[in-house]
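First up is the structure itself, then whatever we jot down about it.
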Amino acid sequence: AGARPQVRALALLLVAGCGTWSSLRPATVVPRGHVEVQGGLAANQLGEVLPVADVRVGFARRVDVGVHYEVYNGFAEARVQLLEQEAHLLDLSVGLGGGFGATVLDGFDDAPDVAAFATLAISHRFGRVEPYLSTRFAYLIPKSAAVTAPVLGVRIRLTDWLDVSAEGG
């Protein structure tokens with residue numbers, strides 16, 4: 001009976017789908033000296049299914065750095081974990097970065113624009129299951145346009161080296 005809520009949450013998020021502003025990240029940062037590689041597929045508002053990749057390195061106890069790539073946006077980011085679940089009942093992290101981005105709103109009328117990115121993520125671990133809420137803010141500098149992309153997701157740790165995630169937004 002205890003596994004059913006987890007299975008329902010995963011199925012719900014898989015059905016919801018996600019846009020091309022995928023998070024792939026709960027609020028916990030990659031531990032210092034570790035490398036984390038994530039990949040997947042994201043469906044966008046145009047009906048396309050596109051590859052998504054994220055590579056992170058734990059830089060310090062509460063800091064990781066990484067690169068995130070999707071067909072219409074990509075960026076480098078540093079994230080700091082401000083709160084840890086063990087002391088504050090939840091994990092909270094913020095990230096800042098830069099790269100390029102494009103949106104459906106600008107009609108993909110030309111090459112992606114130079115963009116500044118900020119990320120806010122909140123999560124809570126229940127054993128091997130970690131639901132999260134993440135919001136990415138992107139400011140497309142040449143167009144003076146802002147995009148906010150909230151994402152609800154869940155990460156399930158299958159083994160010490162393998163996780164499965166699903167998100168929708």
Side-chain angles (χ1 to χ4, degrees), residues 1-30 36-56 64 66-77 79 81-83 85 89-97 99-108 112-113 115-140 145-159 161-169:
R4 288 188 181 181
Q6 296 167 3
V7 171
R8 280 192 208 130
L10 181 60
L12 240 162
L13 293 169
L14 288 172
V15 171
C18 46
T20 58
W21 295 87
S22 300
S23 169
L24 301 180
R25 302 284 335 140
T28 51
V29 297
V30 176
E36 186 172 284
V37 178
Q38 295 187 39
L41 296 173
N44 67 15
Q45 299 89 338
L46 302 174
E48 301 169 319
V49 177
L50 305 168
V52 180
D54 192 87
V55 178
R56 302 234 164 229
D64 70 18
V67 292
H68 183 91
Y69 175 78
E70 301 178 33
V71 171
Y72 298 115
N73 69 74
F75 57 91
E77 178 185 54
R79 288 186 330 134
Q81 188 169 343
L82 300 176
L83 299 178
Q85 178 175 321
L89 301 178
L90 57 83
D91 294 305
L92 173 73
S93 67
V94 295
L96 293 174
F100 66 90
T103 72
V104 173
L105 300 176
D106 69 13
F108 300 111
D113 294 311
F117 293 89
T119 306
L120 174 66
I122 298 169
S123 61
H124 183 87
R125 293 178 311 282
F126 299 94
R128 294 182 173 268
V129 178
E130 185 173 13
Y132 59 91
L133 175 62
S134 178
T135 299
R136 176 160 301 125
F137 305 94
Y139 182 72
L140 308 178
V147 176
T148 303
V151 172
L152 180 63
V154 63
R155 176 166 73 174
I156 300 171
R157 177 142 298 200
L158 299 178
T159 69
W161 59 270
L162 180 63
D163 298 339
V164 174
S165 299
E167 61 183 38

What is the minimum heavy-atom distance between Ala42 and Val52, and which atoms define it?
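Shortest heavy-atom separation between Ala42 and Val52 comes out as CB-CG2, 3.5 Å.
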Provide the closest heavy-atom pair for Thr28 versus Ser123 in the form atom of the first, atom of the second, distance.
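For Thr28 versus Ser123, the nearest heavy atoms are N-OG, 4.0 Å.
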Between Gln85 and Leu90, does the side-chain contact (heavy atoms from CB on, under 4.5 Å) criterion hold? Intermediate values first, please.
CA-CA 4 Å; Gln85 178 175 321; Leu90 57 83; 5.7 Å; no
Working to the nearest 0.5 angstrom, can you tell me the gap between [X] [atom1] and [Y] [atom2]?
X: Phe100; Y: Leu140; atom1: CZ; atom2: CG; value: 11.5 Å
X: Leu24; Y: Asp163; atom1: CG; atom2: CG; value: 11.5 Å
X: Asp91; Y: Ile122; atom1: CG; atom2: CD1; value: 10.5 Å

Tell me every residue that passes side chain to side chain contact (heavy atoms under 4.5 Å, CB included) with [X], counting only those two or more places apart in sequence or in another chain.
X: Pro150; result: Thr135, Thr148
X: Ala121; result: Ala27, Ser93, Ser134
X: Ala118; result: Leu96, Phe137
X: Leu89; result: none

For Val29, does its backbone N or O pair with a side-chain atom of Asp64 as donor and acceptor, under 3.5 Å?
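Looks like no, no N/O pair under 3.5 Å.
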So, does Gln38 use its side chain to make a donor-acceptor pair with the main chain of Asp54 at under 3.5 Å?
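No, the answer is negative, given that no donor and acceptor are paired below the 3.5 Å cut-off.
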Are Leu120 and Leu92 side-chain neighbours, meaning at least one heavy-atom pair lies under 4.5 Å?
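Leu120 vs Leu92: side chains touch.
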Would a 4.5 Å heavy-atom cut-off, applied to side chains only, mark Pro131 and Phe126 as touching?
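When only atoms from C-beta onward are counted, Phe126 and Pro131 do touch, with a gap below 4.5 Å.
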Which residues pass the ring pair (Phe, Tyr, Trp, His ring centres under 6.0 Å) test with Phe75, not counting sequence neighbours?
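Partners of Phe75 under the ring pair (Phe, Tyr, Trp, His ring centres under 6.0 Å) test: His68, Phe117.
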According to salt bridge (Lys or Arg N to Asp or Glu O under 4.0 Å), who are the partners of [X], at least two apart in sequence or on a separate chain?
X: Arg128; answer: none
X: Arg136; answer: none
X: Glu36; answer: Arg25, Arg155

In this structure, which one of Glu130, His124, Arg125 forms a side-chain contact (heavy atoms from CB on, under 4.5 Å) with Pro26?
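Exactly one pass, corresponding to Glu130.
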Does this structure show an ion pair linking Arg56 with Glu77, if we count only N-O contacts that are shorter than 4.0 Å?
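A salt bridge links Arg56 with Glu77.
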